[in-house]
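Hydrogens, waters and symmetry mates are skipped; everything else that's a heavy atom, side chains included, is used.
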Amino acid sequence: MRNPPNERPKLKLKHPAAAEARVQAALPPKPVKADKDGPERKCVLTGTKIDRADLIRLVLSPGNEVLPDVRAKAPGRGAWIGVDKGALSAALVGGKLRGALGRAFRQRDLTIPADLAEQIETQLERAALDRLGLEARAGTLVTGGERIDAAARSGKVALLLHAADAGEDGNRKLDQALRVGSDAEGTDLKGLVIAAPRTILSSALGRENVVHVAVTDPGAAKRVGDMLSRWHRFIGFGSGERPCETRSQGSIAAAAPSGTAADAANEGLTTVHE
């Protein structure tokens with residue numbers, strides 16, 4: 001029997017509820033506040049309280065220079081921001097950031113680097129690629145089109161990633177394999193295109209010509225996905241969409257080269273006002 005003209009055809013899936021959950025997970029996330037029992041911090045620029053994991057931490061060096069601490073491991077309390085790169089740059093130029101940080105650190109004599117936004121972007125990228133490298137060494141990743149296709153069709157892929165310069169045909173083929181193995185045929189479930197091209201992705205994983213990556217462990221998928229989401233949201237890549245994992249959420253770690261200016265900035269940080 002034909003569906004009425006305004007009625008959406010129903011999908012015939014093996015597990016409808018599970019497939020619908022996967023589709024919802026693939027949609028861009030809405031800004032949400034942290035759970036009452038979870039750690040939350042207030043963005044010094046917007047005044048909004050958000051889950052700490054979705055914010056960027058800033059700290060003071062011994063010389064009162066404002067530095068990013070995206071891994072939130074430097075001593076002291078610091079200040080937190082929850083805006084993207086464009087908004088942060090505008091706040092820096094307009095003086096709003098200086099005022100907000102002066103109040104947060106109770107310190108007027110601050111030095112804010114002109115390239116603070118670029119430093120944050122570098123640290124977020126590094127953290128994401130480092131996470132991927134760690135997962136590669138732990139054996140939770142699969143690379144190579146044929147191997148990923150087989151793993152996806154057998155339902156063993158928790159998170160599928162595509163390099164920024166991957167071909168559309170290759171993406172489409174593996175996305176279809178993912179839907180087949182996830183019992184989600186006919187939905188929009190697909191892998192996530194990340195901001196790194198194949199050369200950077202290959203370097204991070206210590207492998208040659210890595211264009212696609214499949215994460216097979218649900219826990220690893222959450223770790224990788226969380227790190228990618230923070231990076232993408234800050235730089236505005238792909239509208240900051242959250243990775244569409246098939247079984248849980250994701251993150252990254254790795255063999256990316258060290259010695260960047262942002263990394264050096266983390267050394268010798270001092271305790272700051274809470």
Which atoms form the tightest heavy-atom contact between [X] and [Y], and what is the distance?
| X | Y | value |
| --- | --- | --- |
| Glu208 | Ser202 | C-OG, 4.0 Å |
| Ala72 | Trp80 | CB-CH2, 4.0 Å |
| Ala79 | Ala104 | CB-CB, 3.8 Å |
| Ala136 | Arg207 | O-NH2, 3.7 Å |
| Phe234 | Val83 | CD1-O, 3.6 Å |

Measuring only between side-chain heavy atoms, which start at C-beta, is [X] closer than 4.5 Å to [Y]?
| X | Y | result |
| --- | --- | --- |
| Val213 | Ile194 | no |
| Arg179 | Gln176 | yes |
| Asp84 | Arg233 | no |
| Val215 | Glu135 | no |
| His232 | Leu192 | yes |
| Leu58 | Asp69 | no |
| Gln123 | Ile56 | no |

Looking at [atom1] of [X] and [atom2] of [Y], how far apart are the two atoms once the value is rounded to the nearest 0.5 Å?
| X | Y | atom1 | atom2 | value |
| --- | --- | --- | --- | --- |
| Leu55 | Lys42 | CG | NZ | 12.0 Å |
| Ile148 | Thr143 | CD1 | OG1 | 6.5 Å |
| Glu125 | Leu228 | CD | CG | 10.5 Å |
| His212 | Leu174 | NE2 | CG | 5.0 Å |
| Thr140 | Leu134 | OG1 | CG | 9.5 Å |
| Gln107 | Asn64 | CD | CG | 4.5 Å |

Before you tell me yes or no, could you show the steps for Arg153 and Asp149 under salt bridge (charged side-chain N to carboxylate O under 4.0 Å, His left out), namely the whole-Å CA-CA distance, both residues' side-chain angles and the distance that decides it to 0.1 Å? CA-CA 6 Å; Arg153 290 181 181 277; Asp149 185 276; 3.0 Å; yes
Hey, any chance Phe237 and Leu201 share a hydrophobic cluster, counting ILVMFWY side chains that come within less than 4.5 Å of each other, even indirectly?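 Yes, Phe237 connects to Leu201 through the hydrophobic network.
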Does Leu116 share a hydrophobic cluster with Val70, counting links as ILVMFWY side-chain heavy atoms below 4.5 Å and allowing steps through other members?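 Both belong to a single hydrophobic cluster.
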Would His162 and Asp175 satisfy side-chain contact (heavy atoms from CB on, under 4.5 Å), going step by step from the backbone distance to the final call? CA-CA 10 Å; His162 305 304; Asp175 289 345; 2.9 Å; yes
I'd like to know if the side chain of Thr187 and the backbone of Leu189 have a donor-acceptor N/O pair within less than 3.5 Å.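 Checked: pair present.
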Tell me whether Thr122 contacts the main-chain N or O of Glu118 through its side chain, where contact means a donor paired with an acceptor under 3.5 Å.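 The answer is yes, because a donor-acceptor pair under 3.5 Å joins these two groups.
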Could you work out, with side chain to side chain donor-acceptor pair (under 3.5 Å) as the rule, every residue matching Asp115, not counting sequence neighbours?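 For Asp115 the side chain to side chain donor-acceptor pair (under 3.5 Å) partners, ignoring immediate neighbours, are Gln119.
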Sequence neighbours excluded and cut-off under 3.5 Å, please list the side-chain donor-acceptor pairs for residues 86-102, or say none.
unit_1	atom_1	unit_2	atom_2	d
Ser89	OG	Lys85	O	3.0
Lys96	NZ	Leu45	O	3.3
Arg98	NH1	Leu110	O	3.0

Salt bridge (Lys or Arg N to Asp or Glu O under 4.0 Å): which pairs involve residues 194-204, sequence neighbours left out?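 Passing the test, one end in residues 194-204: Asp165-Arg198.
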Can a salt bridge be assigned to the pair Asp169 and Arg172 using a cut-off of 4.0 Å between side-chain N and carboxylate O?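 A salt bridge is present here (some side-chain N lies under 4.0 Å from a carboxylate O).
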